[in-house]
Amino acid sequence: MQKAQKKVLLDIVERTAAAYITTFLGLLLADGFDLTDVSALKAAAVAALPAALSVIKGAIGTRFGDKSSAAWLPGGGRSRSRKPRKAAEAAKPPKVTDSSTGTTGG
């Protein structure tokens with residue numbers, strides 16, 4: 001398996017796990033958080049539905065969206081590089097001091 005394929009697969013697994021966990025915990029909290037009740041098992045089963053949809057969404061994303069992730073939007077905002085703080089400060093014009101008043105400008 002290629003490195004890019006592994007990255008996409010891990011991205012889909014992460015999204016699926018997050019969808020399952022958040023849905024399951026949300027259903028448990030809404031139900032009263034009783035893990036010994038049969039409704040907890042129902043919540044676990046119901047939470048699998050959004051997780052399954054997350055897998056489908058990820059598969060669609062690799063076909064039509066960003067090829068390097070499961071995102072639907074091209075680029076996904078992840079490929080943008082930010083300037084390091086020092087580079088951004090170096091791009092600013094230097095401050096000029098007015099010798100007659102002693103104030104800085106720029």
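Residues satisfying the side-chain contact (heavy atoms from CB on, under 4.5 Å) criterion with Ala44, sequence neighbours excluded, are Tyr20, Phe24. Applying the side-chain contact (heavy atoms from CB on, under 4.5 Å) criterion to Ile60, with sequence neighbours excluded, gives Ile56, Phe64, Trp72. The side-chain contact (heavy atoms from CB on, under 4.5 Å) check on Ala19 picks up Ser54, with sequence neighbours excluded.
The 12-atom threshold is exceeded at CD of Gln5, counting heavy atoms of other residues, nucleotides or ligands nearer than 6.0 Å.
Interatomic distance, OG1 of Thr62 versus CD1 of Ile12, reported as 5.5 Å (0.5 Å rounding). A distance of 10.0 Å separates OG1 in Thr16 from NZ in Lys57, rounded to the nearest 0.5 Å.
Under a 4.5 Å side-chain heavy-atom criterion applied to ILVMFWY residues, the cluster that includes Val46 comprises Leu27 as well.
Here Asp11 pairs with Arg15 in a salt bridge; the nearest charged N to carboxylate O distance falls below 4.0 Å.
Between Leu49 and Leu53 the shortest side-chain heavy-atom distance does not fall below 4.5 Å.
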